[in-house]
Amino acid sequence: MLSLIIFIPLLAALGILLGAPARKTALGAAAAEFLLTLFAFLSYDKAKAGFQFLSSTPIAPEWNLNYFVGADGLSVLMLLLTGIVTLAAIWVTPKIEKREPLYYACLLFITAGAAGAFASVDLFFLYAFHELALIPTFLLIGLWGSGERHTAAWKITIYLGLGSFILLIGLLDLYLAVPEALRTFNLIDLQKLATSGAIPAAAQSRPYIFLLIGFGILISLFPFHSWAPQAYASAPTPAAMLHAGVLKKFGLYGLMRVAIPLLPEGAKHWANLLLILLVGNIIYVGLATIAQKKLDLMLGYSSVMHMGYIFLGVAAMNTIGLSGAALLMFAHGLSIAALFAMAGMLRESRPQLALDSFGGLAKPMPALAFAFGLAAFASIGLPGFANFASEMTVFFGAYKPALGLDAKHFHLAVIFALWGVVISAVYMLRAYRAIFMGEPGKEAAAWPDPFKALRWPVVLLLAVLLIAGFAPGKFLSLVQPTFDAVLPK
Amino acid sequence: MESHAYFPWFILLAPLVSAVLIQLFLRRSRELSATISVGAVCVSLLASVFVFFGPDTVKANEIPWIELPDFHVPIGVTVDALSKIMLLVVTGVGALVHIYSLVYMKGDESEARFFGNLSLFMFSMLGIVLANNFAMMFIFWELVGVSSYLLIGHWHTRDTAAAAANKAFLTNRIGDFGFMLGILMVWSSVGSVVFRDIEHNLRLITADPTYLTIAVLLIFCGAIGKSAQVPLHVWLPDAMEGPTPVSALIHAATMVAAGVFMLARISFLIAPSPNAQAVIMWVGIGTAVLAALMATQQDDIKRILAYSTLSQLGYMVMAIGLAAPGPAMFHLFTHAFFKALLFLGAGAIIHALHHEQDIWKMGGLSAKMKWTFRSFTAGYLALIGAPLLSGFFSKDAILAAAWQTNKLVFLLALLTAFLTAFYMTRLFVVVFLGQPRSDAAKHGHDGPAAMTLPLIILAVLSVVAGYSVIGERALGEHLWENVHKIHHGEGVGAVMALAIGAFVIGTAGGWVLYKGQAKDPILIPLFKNKFYIDELYAALIAGTQDLLATMSGWFDKWILDGLFVRGLSGAAWGTGFVLRFLQIGNLQAYAFLFGLGVVGLIYFLVFA
């Protein structure tokens with residue numbers, strides 16, 4: 001089941017490289033991916049909780065290395081996100097003039113890598129699958145990007161390469177922190193060891209800081225975020241959707257799956273640092289977002305800013321905060337993918353996406369204006385969308401953090417985070433007004449509505465956001481056992 | 001579940017269904033959208049009437065929305081005296097405004113969108129009224145902000161409307177910043193967001209008076225935003241950019257009253273904190289006086305009414321601060337009718353005069369627009385507290401409450417009453433009496449029945465809603481007792497005499513100064529320019545937020561990214577080399593980087 005989710009896109013990518021019709025194969029694989037992840041999501045047995053769909057194949061028995069996949073509530077939610085965003089991203093892909101097969105293969109590789117990372121119960125594969133997904137991202141930006149694509153590709157390659165490297169050191173350090181006889185890459189076993197106290201508190205803070213910085217770079221944690229806005233601005237639309245929507249969540253997933261549960265004492269030790277950095281994400285990056293004059297950069301910055309809220313839920317180290325953060329990952333992934341998809345549509349008429357080059361588009365493009373408005377509302381956390389419910393849950397979780405954390409500091413962070421909600425309304429409404437409101441220029445009045453041809457992928461993303469926004473309880477109770485099981489009592 | 005338990009859900013769901021249907025499927029069918037929207041509000045009104053005459057407490061029914069350990073958010077309804085009266089006001093005025101809009105918005109190319117958003121507003125507002133917990137109230141609170149944003153910006157091609165919509169949304173969000181924080185404080189102390197649980201465990205939070213005061217004042221921030229109190233009042237006058245029915249329903253009768261309603265809902269939390277009460281009282285009376293002063297010098301008919309709304313809301317907020325939720329709700333009740341009436345009357349004039357809003361281009365309309373004139377007169381008299389009309393009784397209760405608590409506050413409230421009579425008389429005399437001052441004004445005429453009928457109904461209500469037969473029934477035993485006690489407390493005779501005096505002097509002053517004038521004989525720049533508060537805020541935002549944003553943007557681009565990241569990696573790899581291999585799109589180079597990671601891992605596995 002999970003292996004199908006991982007290998008269908010992989011095989012489709014290989015097929016395309018070997019000559020299968022690129023778009024058709026990719027779209028078929030994406031549809032299959034979506035249905036399979038949806039099936040996994042629906043058939044996951046909530047009552048039993050824990051890892052399900054387990055399957056293991058020894059790869060290198062002498063090193064105790066196994067291809068080991070399985071999924072709990074958190075994983076199936078992330079897999080569903082992967083399936084939805086993949087389908088939407090491949091769907092909105094425009095006609096590719098240059099090396100079309102490689103383009104689609106790259107997209108499918110990202111999907112396979114992300115799905116593999118979310119479904120792996122083995123640290124080695126968790127890491128390797130993510131690496132598999134990173135390379136095609138670099139390629140997509142470098143080969144098919146727009147604007148300063150070379151600089152952007154160069155920066156993201158080096159930056160994320162560095163992040164992965166630091167992450168690797170952290171994982172190895174974690175591996176070594178376990179007493180020699182018990183060492184393993186198996187996450188379930190590692191979790192048992194951690195819960196039984198086999199990883200001494202004193203040995204936790206060093207691997208944790210490596211993991212925090214390593215994952216942090218991948219998530220664009222302040223001040224390691226500056227690769228992100230430019231990369232998203234230059235990336236082709238589907239690549240931006242997949243990376244910002246799905247792949248970037250790998251770092252957060254890693255914190256929730258590896259760093260916090262296995263190294264809780266390390267996390268507590270570094271909690272204040274994380275709080276300071278995440279406030280940097282929310283306030284400093286939020287303010288920088290206001291200053292942006294191009295839609296793609298603004299969306300890129302806003303995506304960095306919103307990571308701060310997810311970090312806040314993670315930092316609280318309690319079930320409320322982490323569950324909220326998990327749902328927020330899902331919500332953010334969908335809403336940013338929808339926004340990037342629509343920014344891509346606007347790019348057709350104004351390649352530079354300068355905010356002041358638009359105006360009054362609500363008149364010639366009412367459908368796009370409506371859908372963009374919904375996605376913008378979702379992204380600034382208005383009720384009805386999953387973003388609101390999860391952000392609110394994060395605030396409650398962070399206001400009463402786990403024992404051993406300084407509640408006063410968290411209160412301060414929550415105050416900043418709430419102010420960030422005002423900031424995000426400032427830039428989003430400003431952009432919406434610049435693009436869609438006002439009197440349309442003569443030329444703009446004649447633009448056809450690009451939304452008509454490409455509405456279904458966006459409708460899919462928004463519909464899921466609304467479902468999860470109206471019934472967040474169902475989603476939160478899905479991920480809750482994951483955290484209940486691992487958080488120290 | 002007994003059948004009564006279903007009615008609150010009908011009230012809530014009818015407008016939601018209407019909003020969803022219209023927004024998703026009917027954006028091109030104008031008439032069908034309007035019909036569905038009006039139908040939905042009528043269903044809500046009917047169900048509200050059933051609820052009103054139904055049992056006093058309906059057995060709690062709720063559905064879980066979020067269920068996490070220590071964090072439960074249900075979606076559930078409260079049916080008590082407070083929500084009952086509010087339901088009637090919202091659906092009653094709502095239904096009339098919907099019907100009126102059928103005429104007012106006819107021919108608007110986005111009529112369907114208008115009615116869809118109006119239904120969205122009804123859903124949101126009724127959600128606030130019915131909410132049985134803080135989190136649910138906050139959800140609908142935000143949704144009211146959204147629908148207000150959408151309706152103010154209805155004519156989005158107009159730049160002023162777009163600006164006003166953004167301003168309203170952001171100002172409200174600033175208030176909600178405090179509101180959410182206050183909710184978090186209450187939850188953190190009591191362990192629940194449900195009003196009933198908080199009331200039962202009140203001692204958990206009253207144990208620390210400072211903590212309670214801070215929490216209450218933060219929650220009050222939400223009311224400051226929504227009910228447009230000083231210093232967050234600036235959005236409401238600008239919100240008049242929206243279509244006039246919207247101004248009547250949302251920015252006069254209901255949404256802006258939500259702040260007062262919310263404070264009344266949590267009066268059990270406010271009562272134990274005298275310090276919070278004092279702050280609320282002063283914010284309220286401050287708004288009342290300042291807004292009334294600003295109103296004396298405005299020329300736009302809707303803006304005058306908007307400042308008047310601010311001022312009257314100030315009264316209600318002050319009453320909450322005076323521990324008089326009864327009079328506050330009483331005034332909310334009567335004000336909803338006469339203020340909606342005045343706005344709809346103004347809308348009829350604006351409609352007849354082809355979108356003319358400057359009172360100095362009107363004049364002599366009493367003869368041309370008979371029904372509008374008659375109904376407007378009723379609303380005007382009710383607002384300025386003419387004896388025996390509804391506003392007189394409800395205002396009197398608030399003035400008496402002020403007298404009994406703080407004489408200085410009473411004097412300021414009296415000053416406000418005088419100013420109200422003055423500026424409303426100015427408006428009345430300039431618009432309806434004398435000679436027409438423009439071509440448009442010469443050809444004024446009453447609207448069709450769907451427009452006039454709501455005016456007449458509201459006029460009747462404005463006259464009679466203050467009598468205790470109606471007031472007692474509407475407010476319910478508990479709130480009315482509060483009104484009654486104040487009405488029979490100390491100094492009521494003096495209060496009534498002084499209030500009538502203020503009414504007479506204000507009216508006479510306005511009459512004498514403005515009768516027969518062709519332009520404003522008085523110019524007070526400070527009032528006309530609204531104490532320069534908008535300018536002050538603009539400077540403040542430019543000086544702080546915009547400056548910080550520009551600095552952050554610059555720092556990020558040139559220092560953090562430019563110097564630091566590029567510099568560091570440039571030194572390590574050599575920019576030229578890296579750039580070159582990226583330009584060719586060299587797969588091997590990427591594979592090499594990936595390989596580094598894997599090689600590292602394998603090395604470790606083999607040799608560790």
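Just so it is clear: chains get the letters A, B, ... in the order the sequence lines come, proteins before strands, and each one is counted from 1. Hydrogens, waters and symmetry mates are skipped; everything else that's a heavy atom, side chains included, is used.
Using a 4.5 Å cut-off between heavy atoms, A:L123 does not touch chain B at all. In this structure, no portion of B:A161 lies under 4.5 Å from any heavy atom of chain A. In this structure, chain A has no heavy atom under 4.5 Å from any part of B:L547. Using a 4.5 Å cut-off between heavy atoms, B:Y149 contacts chain A through its side chain alone, with no backbone atom that close. Only the side chain of A:F388 comes within less than 4.5 Å of a heavy atom in chain B; its backbone stays farther off. Heavy-atom distances place both the backbone and the side chain of A:R430 under 4.5 Å from chain B. Heavy-atom distances place no part of A:I169 under 4.5 Å from chain B, backbone and side chain included. Only the side chain of A:S323 comes within contact range of chain B, with at least one heavy atom under 4.5 Å from a heavy atom of that chain. Of the two parts of A:A389, the backbone and the side chain both hold a non-hydrogen atom closer than 4.5 Å to a non-hydrogen atom of chain B.
Between chain B and the residues A:L134, A:I320, A:V285, the most heavy-atom pairs under 4.5 angstrom are made by A:I320. Heavy-atom pairs under 4.5 Å with chain A were tallied for B:I183, B:I75, B:I139; the largest tally goes to B:I139. When A:A288, A:G359, A:G473 are compared by the number of non-hydrogen pairs under 4.5 Å with chain B, A:A288 comes out ahead. Among the candidates B:D176, B:T550, B:I174, the residue making the largest number of heavy-atom pairs closer than 4.5 Å to chain A is B:I174. Looking only at heavy-atom pairs under 4.5 Å with chain A, the residue among B:Q23, B:M551, B:R113, B:R158 that has the most is B:Q23. Contact count against chain A (heavy-atom pairs under 4.5 Å) is highest for B:V146 among B:L150, B:V146, B:I63, B:V193. Interface check for chain B: of the options A:S164, A:G286, A:P440, A:A425, the most heavy-atom pairs under 4.5 Å are formed by A:A425. Between chain B and the residues A:A471, A:S477, A:P366, A:G438, the largest count of heavy-atom pairs under 4.5 Å involves A:G438.
From B:I66, atom CD1 reaches atom OG of A:S390 across 8.5 Å, with rounding to the nearest 0.5 Å. Of the inter-residue distances, the one linking A:K474 atom NZ with B:W65 atom CH2 reads 13.0 Å to the nearest 0.5 angstrom. Annotation: the span from A:R433 atom CZ to B:H156 atom NE2 amounts to 13.5 Å, rounded to 0.5 Å. The distance from atom CD1 of A:I423 to atom CZ of B:R173, rounded to the nearest 0.5 Å, is 11.5 Å. Taken from CG in A:L287 to CG in B:D546, the straight-line distance is 10.0 Å, to the nearest 0.5 Å. With rounding to the nearest 0.5 Å, the separation of CG in A:L418 from CZ in B:F179 is 12.5 Å.
For the pair B:R27 and A:F370, the cation sits on the ring face: its NZ or CZ lies under 6.0 Å from the ring centre, inside 45° of the axis.
The closest side-chain heavy-atom distance from B:P69 to A:Q480 is below 4.5 Å. For the pair A:H411/B:L181, no side-chain contact is recorded, criterion being any heavy-atom separation below 4.5 Å from C-beta on. Side-chain atoms of B:E67 and A:L476, non-hydrogen and from C-beta on, never get closer than 4.5 Å to each other. Taking 4.5 Å as the limit, some side-chain heavy atom of B:M180 sits within range of a side-chain heavy atom of A:F396. Taking 4.5 Å as the limit, some side-chain heavy atom of A:Y301 sits within range of a side-chain heavy atom of B:D556. Looking at heavy atoms from C-beta onward, B:L68 lies in side-chain contact with A:T393 at the 4.5 angstrom threshold. With contacts defined as side-chain heavy-atom distances shorter than 4.5 Å, the pair A:I290/B:Q545 qualifies. At a threshold of 4.5 Å between non-hydrogen side-chain atoms, the residues B:F71 and A:T319 do not count as touching.
Here the closest non-hydrogen pair linking B:G553 and A:A291 is CA-CB, 4.2 Å. In terms of heavy atoms, B:G153 sits closest to A:M437 at O-CE, 4.5 Å. When all heavy atoms of A:K400 and B:G191 are compared, the closest pair comes out as NZ-CA, 4.4 Å.
Under the side chain to side chain contact (heavy atoms under 4.5 Å, CB included) criterion, B:A19 pairs with B:S119, B:L120, sequence neighbours left out. For the side chain to side chain donor-acceptor pair (under 3.5 Å) test, residues two or more places apart in sequence or in another chain that qualify with B:D108 are B:H154, B:W155.
Aromatic ring orientation, B:F169 versus A:F377: parallel (interplanar angle below 30°, classes split at 30° and 60°).
Looking only at atom types and distance, the side chain of B:N166 has no donor-acceptor partner in the side chain of A:Y432 under 3.5 Å away.
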